[in-house]
Amino acid sequence: MDISGPRGTHDILPDEIKIWHKMEQVLRKTAEIYGYSEIRTPIFEYTELFERGVGGTTDIVQKEMYTFEDKAGRSLTLRPEGTASCARAFIQHRMYNQPQPTKMYYIGPMFRYDRPQSGRYRQFHQFGVEVFGTRSPAVDAEVITLMVDIVKRLGLRRYELHLNTVGCGNCRPHYRQTLTEFLRPLQADLCRDCQSRVDSNPLRVLDCKEKRCREILAGFPSILDSICEECREHFERVKSVLDLYGVQYILDERLVRGLDYYTNTAFELLVPGLGAQNAVGGGGRYDNLVAQVGGPDTVGIGFAMGMERLLLALEENQVELVDGEGVEVYVAFNSPELEPLANIALNELRSADIKAERDYGDRSLRAQMKQANRSQAVVTVLIGENEAKSGTYSLRDMDTGEQFEIEQNALIAEIKKILMK
RNA sequence: GUGGGCGUAGCUCAGCCGGCUAGAGCACCAGAUUGUGGCUCUGGGGGCCGUGGGUUCAAGUCCCAUCGCCCACCCCA
């Protein structure tokens with residue numbers, strides 16, 4: 001039997017779901033504290049949205065999209081990221097007519113046809129935030145701070161925030177030009193990929209992982225010398241707010257992001273020890289995106305975090321998000337004739353919001369006790385012939401092993417006493 | 001899309017140069033304890049040895065293909 005899920009997908013099993021719930025709770029809570037509201041968009045969109053939003057030259061659009069035709073022959077695509085959909089919704093619902101900025105967050109599955117590896121899946125989950133309608137550098141800082149705050153609240157201690165600016169539509173071409181002139185004479189010595197990148201996308205040469213390339217590039221021209229006064233000023237102000245918030249960052253002039261829509265501020269959150277896919281979150285400003293997909297000229301900024309990668313990071317750093325909580329009460333009964341009595345107790349407990357369980361296998365009392373122990377029950381209610389006769393239950397404190405009889409009508413009160421401890 | 005490693009019980013893995021009914025630990029079930037857990041002991045269930053083909057008297061073991069997983073490149077969350 002080799003039935004299995006599609007390549008690059010994975011099930012989140014009942015045993016692991018608690019940690020997801022907990023993580024989602026932290027993500028939502030933190031975003032709400034910063035004034036963001038959730039938005040839920042469809043998981044598929046017209047293909048064109050991503051082609052125009054994410055950018056036709058990106059790897060995502062060129063080779064990683066799950067694209068299909070619906071029965072009317074329209075081209076649809078499973079969303080590879082969340083920002084384009086948010087921009088679409090922002091435009092479609094004329095949110096720009098509301099007081100600005102618009103601050104929202106999303107959480108859900110994304111799809112990319114990539115080769116799976118550690119921290120990389122074909123269906124994965126992202127949490128992200130977007131702010132439309134303000135170019136204030138303070139918002140850049142807010143968004144970055146939110147991202148850092150999340151990993152802190154999740155309990156991560158080891159992480160690096162990398163920060164850079166990639167300039168705007170006016171000044172980036174200048175830098176590209178300067179960089180290309182710098183690279184041209186070195187081109188022959190670079191790795192094969194970089195040799196072609198010099199022509200196709202010189203900025204990407206900067207974050208090549210090849211040791212040789214990095215050495216050759218040692219004295220590469222700083223983007224800060226090429227960008228316009230406005231962009232430089234913006235970047236300075238972002239940094240000063242981050243300083244004020246006490247958010248530590250590493251200036252990383254090699255940081256360039258892979259999506260076409262980014263402008264100005266770019267940032268990434270790295271966690272050491274995660275292997276090759278060590279970026280847990282990343283984002284930046286996208287001042288042209290809304291116009292790019294057909295809306296009014298509106299600036300924006302946001303980030304996305306990979307939830308599977310967050311989980312890997314927590315695991316790697318031995319952060320325990322949840323402690324295994326089992327049932328509170330286990331109801332054990334000694335013979336089939338006593339089952340109705342057990343059901344009554346069970347029902348009473350559940351009605352009182354007490355998490356209670358029983359056995360359905362007609363198993364021996366001993367086996368039921370083992371099961372109670374395994375399910376981490378705090379108390380076991382024992383029902384045998386003696387109890388039935390005298391109208392009582394025996395309660396066993398599973399921690400201390402103490403056991404005593406109570407009147408049946410005192411069940412909830414007595415259980416609560418033990419649970420309180 | 002490219003390269004490397006690996007697929008044997010629910011899990012982690014052993015199985016040497018091919019040779020008897022395929023093993024261990026953990027987990028599961030039952031009993032020792034005929035009304036009682038966590039420790040211990042005893043017994044038990046469970047494997048088309050990923051799949052398909054080939055070589056051979058004989059394949060878990062060798063060869064090819066295929067699928068899947070892992071790691072890396074690439075890219076990104």
Side-chain angles (χ1 to χ4, degrees), chain A residues 1-10 13 15 54 57-64 79-83 106-128 147 191-194 196-197 201 204 207-210 255-259 262 268-271 274-283 302-313 330 332-335 338 359 361 363-389 394-403 405:
Chain A
M1 194 88 126
D2 71 327
I3 180 87
S4 64
R7 181 154 204 210
T9 65
H10 62 107
L13 300 174
D15 278 352
V54 179
T57 67
T58 60
D59 278 27
I60 291 180
V61 169
Q62 284 190 349
K63 46 190 202 196
E64 296 174 5
R79 62 182 185 192
E81 56 103 54
T83 304
Y106 59 83
I107 182 166
M110 304 293 164
F111 306 84
R112 289 184 202 172
Y113 191 87
D114 245 2
R115 185 100 176 238
Q117 72 182 74
S118 180
R120 194 166 78 183
Y121 310 91
R122 287 183 171 178
Q123 175 174 341
F124 59 104
H125 297 81
Q126 282 189 337
F127 165 85
M147 182 170 75
C191 71
R192 262 228 321 280
D193 288 327
C194 282
S196 62
R197 280 197 277 240
N201 192 350
R204 295 225 69 87
D207 68 352
C208 181
K209 287 178 185 108
E210 290 287 329
L255 173 62
V256 287
R257 311 230 70 237
L259 279 53
Y262 285 115
E268 233 169 51
L269 193 79
L270 270 36
V271 173
L274 277 201
Q277 310 302 326
N278 62 347
V280 155
F303 70 77
M305 308 182 89
M307 294 173 66
E308 283 82 358
R309 288 187 188 176
L310 271 178
L311 244 35
L312 280 177
Y330 199 95
F333 52 102
N334 197 29
S335 70
L338 299 167
D359 169 65
R363 294 196 285 188
S364 68
L365 192 62
R366 176 189 153 76
Q368 292 179 58
M369 289 302 292
K370 286 179 85 159
Q371 191 52 41
N373 186 55
R374 221 183 336 236
S375 63
Q376 299 177 64
V378 181
V379 192
T380 298
V381 177
L382 285 140
I383 304 172
E385 287 72 17
N386 297 339
E387 285 84 353
K389 222 168 283 172
S394 286
L395 299 191
R396 187 178 179 86
D397 184 321
M398 296 300 279
D399 190 36
T400 63
E402 282 172 54
Q403 188 170 320
E405 280 188 47

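In this text the structure is predicted, and so the values were computed from the model without any measurement. A, B, ... follow the sequence lines: proteins, then strands. Residue 1 opens every chain.
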Original post:
Shortest non-hydrogen contact from A/R112 to A/F124?
Top reply: NE-CZ, 3.8 Å
Subject >> Nearest-0.5 Å distance that lies between atom CD in A/Q117 and atom CD in A/Q277 >> reply: 4.0 Å
Original post:
Which residues pass the salt bridge (Lys or Arg N to Asp or Glu O under 4.0 Å) test with A/R122, sequence neighbours left out?
Top reply: none
**OP:** Can you tell me, in whole Å, how much space there is between the C1' of B/rU34 and that of B/rG23?
**Re:** 36 Å
Original post:
Do the side chain of A/T380 and the main chain of A/L382 share a donor and acceptor less than 3.5 angstrom apart?
Top reply: no
Original post:
Distance between the P atoms of B/rC49 and B/rC20, in whole angstroms?
Top reply: 16 Å
Original post:
Of the candidate nucleotides B/rC28, B/rC73, B/rA77, which contains the atom at the shortest distance from the side chain of A/F124?
Top reply: B/rA77
Original post:
What integer distance in Å separates A/N373:CG from B/rG38:C1'?
Top reply: 4 Å
**OP:** Could you pull out all residues at least two apart from A/R396 that satisfy side-chain hydrogen bond (donor to acceptor under 3.5 Å, both in side chains)?
**Re:** A/Q403
Original post:
Within the structure shown, what part of the strands sits under 4.0 Å from A/E81 by heavy-atom distance: base, sugar-phosphate, or nothing?
Top reply: nothing
Original post:
Has the side chain of A/R204 got a donor or acceptor that lies under 3.5 Å from a partner of the other kind on the base of B/rC75?
Top reply: no
**OP:** Between B/rC17 and B/rA59, how far apart are the C1' atoms? Round to whole Å, please.
**Re:** 15 Å
**OP:** Using whole Å, report how far NE2 of A/H10 lies from C1' of B/rA77.
**Re:** 12 Å
Subject >> Interatomic distance at C1', B/rG47 relative to B/rG7, whole Å >> reply: 14 Å
**OP:** Would you mind building the protein contact string for nucleotides 30-35 of chain B? One character per nucleotide, 5' to 3', B for base within reach (heavy atoms under 4.0 Å), S for sugar-phosphate only, - for untouched.
**Re:** SBBB-B
Subject >> Atom C1', compared across B/rG4 and B/rA9: separation rounded to whole Å >> reply: 29 Å
Original post:
Rounded to whole angstrom units, what separation is found between the CD atom of A/E268 and the P atom of B/rC75?
Top reply: 12 Å
Subject >> Residues which pass side-chain contact (heavy atoms from CB on, under 4.5 Å) with A/S118, listed by chain and number, not counting sequence neighbours >> reply: A/L312
**OP:** Write down the distance separating the C1' atoms in B/rG45 and B/rC26, rounded off to the nearest Å.
**Re:** 16 Å
Between protein and nucleic acid, restricted to nucleotides 68-70 of chain B and to nitrogen or oxygen atoms under 3.5 Å apart, what atom pairs and distances do you find?
| residue | atom | partner | partner atom | Å |
| --- | --- | --- | --- | --- |
| B/rC69 | OP1 | A/G8 | N | 3.2 |
| B/rC69 | OP2 | A/R7 | NE | 2.8 |

**OP:** Would you please name every residue forming a side-chain hydrogen bond (donor to acceptor under 3.5 Å, both in side chains) with A/R363, sequence neighbours left out?
**Re:** A/D359
Original post:
What's the CD-P distance between A/Q371 and B/rC28, to the nearest Å?
Top reply: 9 Å
Original post:
What's the CZ-P distance between A/R122 and B/rC76, to the nearest Å?
Top reply: 17 Å
Original post:
Whole-Å distance between B/rA27 C1' and A/D15 CG?
Top reply: 13 Å
**OP:** Would you please name every residue forming a side-chain contact (heavy atoms from CB on, under 4.5 Å) with A/E385, sequence neighbours left out?
**Re:** A/N334, A/S335, A/L338
Original post:
For the pair made of NZ in A/K63 and C1' in B/rC76, what is the distance, rounded to whole Å?
Top reply: 11 Å
Original post:
With nearest nucleotides of RNA chain B determined for A/M398 and A/Q277 from heavy-atom distances, which residue corresponds to the more 5′ nucleotide?
Top reply: A/M398
Subject >> Span that lies between the C1' atom of B/rA58 and that of B/rU21, in whole angstrom >> reply: 16 Å
Subject >> A/D397: salt bridge (Lys or Arg N to Asp or Glu O under 4.0 Å) partners, not counting sequence neighbours >> reply: A/K421
Original post:
So what is the 5' to 3' dot-bracket string for RNA chain B, if pairs are Watson-Crick or G-U wobble with both distances under 3.5 Å, crossing pairs use [ ] and | means the partner sits on another strand?
Top reply: (((((((..((((.....[...)))).(((((.......))))).....(((((..]....))))))))))))....
Original post:
How would you label the contact of A/N278 with the nucleic acid (heavy atoms, under 4.0 Å): base, sugar-phosphate, or nothing?
Top reply: nothing
Original post:
Between B/rC29, B/rC75, B/rC76, which nucleotide gets closest to the side-chain atoms of A/R120?
Top reply: B/rC75
Original post:
When all nucleic acid strands are considered with a 4.0 Å heavy-atom cut-off, which category describes A/A304: base, sugar-phosphate, or nothing?
Top reply: sugar-phosphate
**OP:** Identify, with sequence neighbours excluded, every residue that meets side-chain hydrogen bond (donor to acceptor under 3.5 Å, both in side chains) alongside A/R374.
**Re:** A/Q371
Original post:
Considering only the C1' atoms, how many Å lie between B/rA14 and B/rC71, rounded to the nearest integer?
Top reply: 24 Å
Original post:
Who passes side-chain hydrogen bond (donor to acceptor under 3.5 Å, both in side chains) against A/K370, sequence neighbours left out?
Top reply: none
**OP:** Please name all residues satisfying ring-ring contact (aromatic ring centres under 6.0 Å, His included) with A/Y121, sequence neighbours left out, ordered by chain then number.
**Re:** A/H10
Subject >> Whole angstrom value for the distance that separates C1' of B/rC76 from CD of A/Q126 >> reply: 9 Å
Original post:
Between A/S394 and A/E387, is any side-chain donor less than 3.5 angstrom from a side-chain acceptor?
Top reply: yes
Original post:
What is the nucleic acid contact for A/G119, judged by heavy atoms within less than 4.0 Å: base, sugar-phosphate only, or nothing?
Top reply: base
